[in-house]
Amino acid sequence: MSNLSFRARWVLPAAGPPLEGGIVNLAGERIIAVGQDATANTLDLGDVVLLPGLVNTHTHLEFSDCEKPLGRPRVPLPEWIRQVIGTRHRGDRDATAAIRTGLRESLRGGVTTIGEISTTSPSAYATFSGSNLSVFQEVIGFSAARVDSVQNDLEQRLAVSIENSNLQMGISPHAPYTVHPQLLRSLVNVASERNLPMAMHLAESREELELLRSGTGPFQQLLADRSMWDAEAIPRDSTPLDYLRTLSTAPRVLVIHGNYLSDEEIAFLAEHRERMSVVFCPRTHAYFGHEPYRLEKMLAAGVRVALGTDSRASNPDLSLLSEMRFIAKQFSALAPAMILQMGTTHGAHALGLSDSTGELVAGKLADLVAIPCPADVDPLEAILFGDAEPSYVFVRGKPVDFQAYSQTQGPLP
């Protein structure tokens, strides 16, 4: 096993303060030390900030072929979902090709760990050469009559395996307006039996809250139009807290979006932060024109908040770095170090991968991103308020060949 060191103008471990003239020492694919001591075999990366590989905790890569977001800015979520359904059923779509395009774009942007919601075969993800890929199998079934058949279908999908040691399977009951509460309980049991993580879109829109409260509104109409409406499915005066309580017994849970969480729900998530995390998708939140996100409230309460890009169906690209920069501009009182952690350590913990990635510390995988930083600029300033893109990405200590990467249409280098 060969040893190698990377020197940078700044090293941001995410687990501690910035190190000027820092050095990251590797042995094979893992970090063995971070500090100022180099080995004989040292590569000087120059005027860059070296930080952990970014963690995109939530995305839908099947829409990576969208040239622009679906609909229009401030489109109501139920109306947008109608367009998503139409796009999914387009005859000329190649979901596998779109997924592979999204994987390449993600890696080029410094994302080495992904939490993906999938409606297709796990084999579509076999080309990912990043360190960690969590694939949550999406589940939809709003009628009580379909609970058994939907669960059987999920069991078959979970039984499918591919020879990819980087693939972690999970379960994604889609949302309260597509998953019957009985089915949700059943899926939590499956996740608990198999020790699988879960991800659910929750408290995403005012229309969702209306459906839970009264069984009325645009989501009820959408379900009725698709012959999916079950008037007995959701008890009246339900809230996202009812779903959080059910999910809280699963091994690990991603609460996707959480745009309209109440104080009580935020307190519940803080109490269960070791197993439950919220995933904030900043630019998607802005695209739909939602009410101001309660990010500072959540963080102050102790909620673990990770970041996601959602998909190109609601976002111009898959750049997690751009999401972090968007937060820095919108939440000026938020500590830059916290924004960095949301894009690295928080995401790794949320996905159950904190033992292997998310920080530059001894024992973890050498997933590294180098971002140009002029000599007189603070490293966090360069990352969060600059516009430079990654100049190097290292996966398990090996550099990604961007030239070959940008040309290939098949497996990543």
Side-chain angles (χ1 to χ4, degrees), residues 2-27 29-56 105-113 130-131 307 317 319-329 334-345 357-362 364-406 413:
S2 60
N3 287 3
L4 176 66
S5 297
F6 294 122
R7 178 187 286 114
R9 174 169 291 281
W10 289 98
V11 171
L12 287 183
L19 298 173
E20 188 170 7
I23 293 173
V24 179
N25 296 317
L26 317 182
E29 64 181 21
R30 294 198 177 264
I31 299 169
I32 57 173
V34 177
Q36 259 96 21
D37 296 326
T39 64
N41 188 15
T42 300
L43 175 63
D44 192 336
L45 301 178
D47 290 339
V48 301
V49 184
L50 195 60
L51 63 149
L54 302 178
V55 182
N56 186 349
E105 179 183 349
S106 298
L107 190 57
R108 180 63 181 85
V111 170
T112 58
T113 297
S131 278
L307 299 181
D317 54 54
S319 171
L320 197 81
L321 185 57
S322 293
E323 303 291 348
M324 294 164 65
R325 288 169 173 169
F326 187 89
I327 290 176
K329 292 178 181 177
L334 198 60
M338 173 57 71
I339 300 174
L340 174 65
Q341 290 178 353
M342 289 166 63
T344 54
T345 58
T357 194
E359 299 172 315
L360 302 186
V361 297
K364 298 199 178 184
L365 293 171
D367 295 339
L368 316 169
V369 179
I371 297 175
C373 178
D376 58 346
V377 175
D378 176 85
L380 283 167
E381 193 86 9
I383 294 172
L384 298 177
F385 296 97
D387 57 7
E389 296 299 316
S391 52
Y392 302 97
V393 177
F394 299 90
V395 174
R396 298 177 182 246
K398 295 182 178 179
V400 176
D401 183 342
F402 284 155
Q403 183 175 1
Y405 155 88
S406 65

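- Considering only heavy atoms from C-beta on, Thr357 stays 4.5 Å or farther from Lys364 through its side chain.
- Across every non-hydrogen atom of Ala366 and Ile31, the tightest pair is CA-CG1, 4.0 Å.
- A distance of 15.0 Å separates CH2 in Trp10 from CD1 in Ile371, rounded to the nearest 0.5 Å.
- Within the 4.5 Å cutoff, no side-chain heavy atoms of Leu360 are placed close to those of Leu12.
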Run the numbers on Phe6 and Phe394 for ring pair (Phe, Tyr, Trp, His ring centres under 6.0 Å), then give the verdict.
-> CA-CA 11 Å; Phe6 294 122; Phe394 299 90; 4.3 Å; yes
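- Here the straight-line distance linking atom CE of Met324 with atom CE of Met338 works out to 12.0 Å at 0.5 Å rounding.
- Closest non-hydrogen pair, Val48 versus Ser391, comes out as CG1-OG, 3.8 Å.
- Annotation: side chain of Arg108 is not in contact with side chain of Val393 (no heavy-atom distance under 4.5 Å).
- What you find for Cys373 and Val49 is that their closest heavy atoms are CB-CG2, 3.4 Å.
- The two residues Glu359 and Pro52 come nearest to each other via the heavy atoms CA-CG, 3.8 Å.
- Nearest heavy atom pair, residue Gly343 against residue Leu320, reads O-CD2, 3.6 Å.
- Here the shortest heavy-atom pairing between Ala8 and Leu50 reads CB-CB, 3.9 Å.
- To the nearest 0.5 Å, atom OG1 of residue Thr344 and atom CG of residue Asp367 are 12.0 Å apart.
- A side-chain donor-acceptor contact under 3.5 Å links Gln36 to the backbone of Glu20.
- Taking the side chain as every heavy atom from C-beta outward, Asn25 and Asn3 never approach each other to under 4.5 Å.
- Taking CD of Glu323 as the reference point, atom CG of Leu54 lies at 11.0 Å (rounded to 0.5 Å).
- Side-chain contact between Leu307 and Ile327: present, with at least one pair of heavy atoms (C-beta onward) separated by less than 4.5 Å.
- Counting heavy atoms from C-beta on, the side chains of Leu365 and Thr112 never come closer than 4.5 Å.
- The CG atom of Leu43 sits 9.5 Å away from atom OG of Ser5, with the distance rounded to the nearest 0.5 Å.
- To the nearest 0.5 Å, the span separating CD1 on Ile383 from CZ on Arg325 amounts to 8.5 Å.
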